[in-house]
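Let me begin by presenting the structure, written as structure tokens, before commenting on it.
Hydrogens, waters and symmetry mates play no part in the numbers below; they use all other heavy atoms, side chains included. Here is the naming used below: chain letters follow the sequence lines, and residue numbers restart at 1 for every chain.
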Number of protein chains: 2
Amino acid sequence: MRKIIGIEDQELIARIAKAMGHPTRVAILLFLASQDSCYFGDIHEELPIAKATVSQHLKELREAGLIQGEIETPKVKYCIHKENWKMARELFVDFFNTYVEKDVMC
Amino acid sequence: MRKIIGIEDQELIARIAKAMGHPTRVAILLFLASQDSCYFGDIHEELPIAKATVSQHLKELREAGLIQGEIETPKVKYCIHKENWKMARELFVDFFNTYVEKDVMC
DNA sequence: AATATTGTTTGTAAATTTGCGAACAATAAT
DNA sequence: ATTATTGTTCGCAAATTTACAAACAATATT
């Protein structure tokens, strides 16, 4: 049985996809996914770009709901937003499953 | 076992995500996914935007590899690019599976 | 109080995206 | 030949994105 994806889910998919639509942001997400949590500095260290730019990318990912940041003065700890990540995964799985050659999945 | 996502896959994910990062393009993909194939006019009919804009969105989806278009003069038939769609699905599934609360999946 | 550490915010410039009308191309029908 | 049909391409304007340096904020250290 194929899931029906309503207009609101479509916009959510677009919103999340947009946040994922930059190599640096994909790299950040994968780094966080592998670290389970880490500080701004750790992320910045991994990337060949200015800290202001890193901060901006992190902001976009946060606003899309994919990550969350929390202040541990004087540092800021970032991590994957578990619930939203799970929801995003389900959205994308359903999305890509709207088209399949054969109905044999999984 | 978790899949390792290399730098090239990261860029591919970003490229595809970027193409999916607009509500209209998500709508087009879902429409094509449900139709299996259809003409430009059918797509345009579904959307509240100018044909020039529809054509541009289709171009982006085509350049990202998610769809393919073929001329059936005087019409143009569009459909999901099966192989690339399948590859994209696997990329995204692997991507989202890089982070899971528990290792019990599926 | 002055300094250092860690990030965010601001201002700015360049590039890209989005959307549209109008012009164009390619064939089919009159 | 002219006209109609179906989309694409072009040119333009407005909005957004990307990247950076510099300024700033908030606390900790000297």
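Contacts classified as side chain to side chain donor-acceptor pair (under 3.5 Å) and involving residues 6-26 of chain A (residues at least two apart or in different chains) are given here: A:R25-A:H57, A:R25-A:E60. For residues 58-78 of chain A, there are no ring pair (Phe, Tyr, Trp, His ring centres under 6.0 Å) pairs, not counting sequence neighbours. The list of ring pair (Phe, Tyr, Trp, His ring centres under 6.0 Å) pairs with a residue in residues 58-77 of chain B, not counting sequence neighbours, is empty.
Distance B:I43 CD1 to D:dT8 C1': 14 Å, rounded to the nearest Å. Atom C1' of nucleotide C:dG7 and atom OH of A:Y39 are separated by 14 Å, given to the nearest angstrom. Here the C1' atom of nucleotide C:dT5 and the NE2 atom of A:H44 are 14 Å apart, to the nearest Å.
Within residues 53-72 of chain B, the residues that have a heavy atom under 4.0 Å from DNA chain D are, in order of number, B:S55. DNA chain C is contacted by B:K18, B:H22, B:R25 of residues 14-29 of chain B, taking any non-hydrogen atom closer than 4.0 Å.
Here A:I4 sits alone; no ILVMFWY side chain lies under 4.5 Å from its own, so it joins no hydrophobic cluster.
Here the rule is side chain to side chain contact (heavy atoms under 4.5 Å, CB included) with B:Y39, and of B:H44, B:E45, B:K75 only B:K75 fits it.
For A:E70, the side-chain hydrogen bond (donor to acceptor under 3.5 Å, both in side chains) test picks out no residue, with sequence neighbours left out. Scanning for side chain to side chain contact (heavy atoms under 4.5 Å, CB included) contacts around B:Q35 gives B:F31, B:C38, with sequence neighbours left out. With sequence neighbours excluded, the residues forming a ring-ring contact (aromatic ring centres under 6.0 Å, His included) with B:F95 are A:W85, listed by chain and number. With sequence neighbours excluded, the residues that form a salt bridge (Lys or Arg N to Asp or Glu O under 4.0 Å) with A:K77 are A:E72. Partners of A:C79 according to the side chain to side chain contact (heavy atoms under 4.5 Å, CB included) rule, which considers only residues two or more places apart in sequence or in another chain, are A:S37, A:Q68.
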Do any N or O atoms of the protein come closer than 3.5 Å to N or O atoms of nucleotides 23-30 of chain D, and which pairs are they?
none

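Across all strands shown, A:A52 has heavy atoms under 4.0 Å from base atoms, whether or not it also approaches the sugar-phosphate.
Side-chain N/O atoms of A:Y78 include none lying less than 4.0 angstrom from OP1 or OP2 on C:dT6.
Expressed to the nearest 0.5 Å, how far CG of A:L58 lies from OG1 of A:T53 amounts to 11.0 Å.
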